[in-house]
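One structure is given here, and the rest of the page talks about it.
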Amino acid sequence: MSNQVETSLRGPQAYALARDVIAEMEKAGVWPTPLNFELWLHYLNDPDGALAQEIRRLLAQSTVITDKTSEMLAAEFLPRGRLPDQIRDVGAVLDRELASVASAIAMAHKTQADYGETLADASHSMETVEDPSSLKDLVGGLSTATNRVRRETAILEKRLEKSNKEVIRLRENLEQVRRDAMTDALTNLANRKAFDERLEAACAEDDGSPLSLAILDIDHFKRFNDTWGHQTGDQVLRYVSTVLSNICGKTRFAARFGGEEFAIIFPGEGAGVVMAALESIRNDVASRALRRRSTNDDLGSVTLSSGFAQRQRGETAASLLERADAALYESKRAGRNCVTAAAALEKAA
């Protein structure tokens with residue numbers, strides 16, 4: 001949970017807040033599961049936040065908040081709250097590894113110091129040794145000390161090798177945590193948080209190379225969802241995301257923008273290439289007749305409306321997003337299942 005929510009739950013107002021959360025959940029027809037309770041806590045604590053806006057949008061569309069919907073909302077909007085716990089877990093293991101390595105190094109350092117003293121003593125003794133038996137004892141002591149150092153060094157090497165493997169594993173775990181925090185659970189595309197960061201970074205470069213942003217929306221998705229149910233709606237979302245992934249490849253950045261909307265960042269590509277890619281996506285999605293998995297019912301075809309804008313020199317991410325969204329709205333107004341370029345829209349205006 002966020003610090004704000006944590007603070008709210010650790011004071012006199014906590015009981016009133018909990019009652020308000022339960023009342024709002026009952027009003028919305030949402031079951032009081034632990035996950036839903038956490039979502040609604042954030043919803044009431046930050047009414048202007050992205051999570052609150054998405055919940056209001058879903059409720060305005062009379063969307064039933066199923067377990068899958070809640071999981072999608074949590075994956076999309078609560079990763080920041082869960083990420084520190086996972087990082088702390090990895091950090092605790094790393095602390096133990098470092099402590100163990102430090103102990104092994106300290107022991108090896110002491111052994112090396114003792115060995116140094118043994119050599120110094122032996123050197124001094126050799127200057128005064130007279131009989132062969134004393135020399136034999138001296139060499140035997142040096143041999144014993146040398147073997148002890150060799151054993152300690154071997155133990156340290158093995159410990160360092162083991163720790164190195166553990167650190168590599170921890171690094172991979174942290175990378176997986178980072179990927180999970182940036183991935184939409186339903187579609188496996190990048191989530192809104194990852195999209196916002198990538199768009200901000202792309203606009204910050206401002207190196208003069210072309211940069212385009214497209215917003216895509218599934219046409220009449222609410223009607224489709226109401227007719228066939230939310231599980232089938234999820235199937236459609238996954239289908240569209242698969243098409244986007246195949247056409248976007250590794251150079252373009254596709255994300256689930258929210259609900260039935262998707263976004264694509266096109267780095268280094270001009271308007272003509274972007275238009276062709278969006279038309280390819282639109283045709284590919286609409287060309288296939290879908291069937292409901294559970295009953296094999298014919299669902300018909302799915303269509304997409306798209307709008308895109310090419311970034312102007314010095315333009316902010318927010319402005320670019322606003323122009324792409326206006327182009328999408330024009331595609332909706334023009335009858336849907338089409339692509340609109342912001343430049344053409346602005347020229348006509």
Side-chain angles (χ1 to χ4, degrees), residues 50 53-66 68-69 71-73 75-77 183-192 194-195 212-248 252-266 274-275 277-294 297-309 321 324-342:
Q53 294 177 26
E54 180 65 9
I55 288 178
R56 282 196 294 271
R57 188 188 69 80
L58 293 173
L59 295 178
Q61 294 180 349
S62 300
T63 300
V64 178
I65 307 298
T66 63
K68 280 193 173 182
T69 306
E71 290 170 4
M72 182 272 291
L73 289 171
E76 186 79 17
F77 298 103
T183 302
D184 176 66
L186 179 63
T187 63
N188 281 326
L189 292 177
N191 62 19
R192 178 63 184 272
F195 165 78
S212 295
L213 169 65
I215 308 294
L216 306 87
D217 185 270
I218 300 176
D219 295 327
H220 302 299
F221 186 73
K222 182 180 183 301
R223 185 193 310 167
F224 185 92
N225 233 7
D226 292 342
T227 303
W228 298 103
H230 293 276
Q231 287 188 341
T232 304
D234 290 347
Q235 178 186 337
V236 172
L237 290 170
R238 283 190 288 265
Y239 161 64
V240 172
S241 69
T242 299
V243 174
L244 293 183
S245 296
N246 291 339
I247 292 181
C248 287
R252 298 160 179 167
F253 186 83
R256 186 178 180 191
F257 192 68
E260 67 273 18
E261 286 190 338
F262 299 86
I264 305 174
I265 299 172
F266 295 85
V274 174
M275 174 67 82
L278 293 175
E279 286 289 359
S280 179
I281 291 170
R282 185 182 67 82
N283 290 328
D284 199 352
V285 168
S287 67
R288 306 180 191 180
L290 302 184
R291 291 191 172 275
R292 193 180 187 188
R293 287 178 179 171
S294 57
D297 290 333
D298 186 0
L299 304 178
S301 61
V302 176
T303 62
L304 291 177
S305 295
S306 307
F308 77 94
L321 182 59
D325 199 48
L328 169 63
Y329 179 79
E330 177 60 23
S331 290
K332 292 285 189 181
R333 193 192 66 80
R336 295 180 168 83
N337 191 24
C338 61
V339 181
T340 300

Sorted by chain and number, sequence neighbours left out, salt bridge (Lys or Arg N to Asp or Glu O under 4.0 Å) with K222 holds for D226
Q | F257 six-ring centre to R192 NZ/CZ under 6.0 Å and within 45° of normal | A | yes
To the closest 0.5 Å, what do you measure between [atom1] ([X]) and [atom2] ([Y])?
{"X": "C248", "Y": "F253", "atom1": "SG", "atom2": "CZ", "answer": "10.5 Å"}
{"X": "D234", "Y": "T69", "atom1": "CG", "atom2": "OG1", "answer": "6.5 Å"}
{"X": "L244", "Y": "R252", "atom1": "CG", "atom2": "CZ", "answer": "11.0 Å"}

* **Short side-chain to backbone donor-acceptor contact, R282 and N337, under 3.5 Å** => yes
Any donor-acceptor pair under 3.5 Å linking the side chain of N283 with the backbone of E279?
yes
In terms of heavy-atom contacts, L189 and S245 come closest through CD2-OG, 3.3 Å
When every non-hydrogen atom of A309 is compared with those of A342, the smallest separation belongs to CB-CB, 3.6 Å
| task | Show the numbers, then the answer: is there a side chain to side chain contact (heavy atoms under 4.5 Å, CB included) between S306 and I215? | result | CA-CA 6 Å; S306 307; I215 308 294; over 6 Å; no
Distance only, no hydrogens: is a donor on one side chain within 3.5 Å (strictly under) of an acceptor on the other, for R256 and N191? no
Inset, instruction - Go through the side-chain N and O atoms of D219 and T303 and say whether any donor and acceptor fall under 3.5 Å apart. - result: yes
Minimum side-chain heavy-atom gap V339-M275 below 4.5 Å | yes
(message) For F221, I'd like to know if atom CZ has over 12 heavy atoms of other residues, nucleotides or ligands within 6.0 Å.
(response) yes
**Message:** Could you check whether R336 pairs with E330 (Lys NZ or Arg NE/NH1/NH2 to Asp/Glu carboxylate O, under 4.0 Å)?
**Reply:** no
- [ ] Given side chain to side chain contact (heavy atoms under 4.5 Å, CB included), test T340 with L328 step by step and report yes or no.
- [x] CA-CA 7 Å; T340 300; L328 169 63; over 6 Å; no
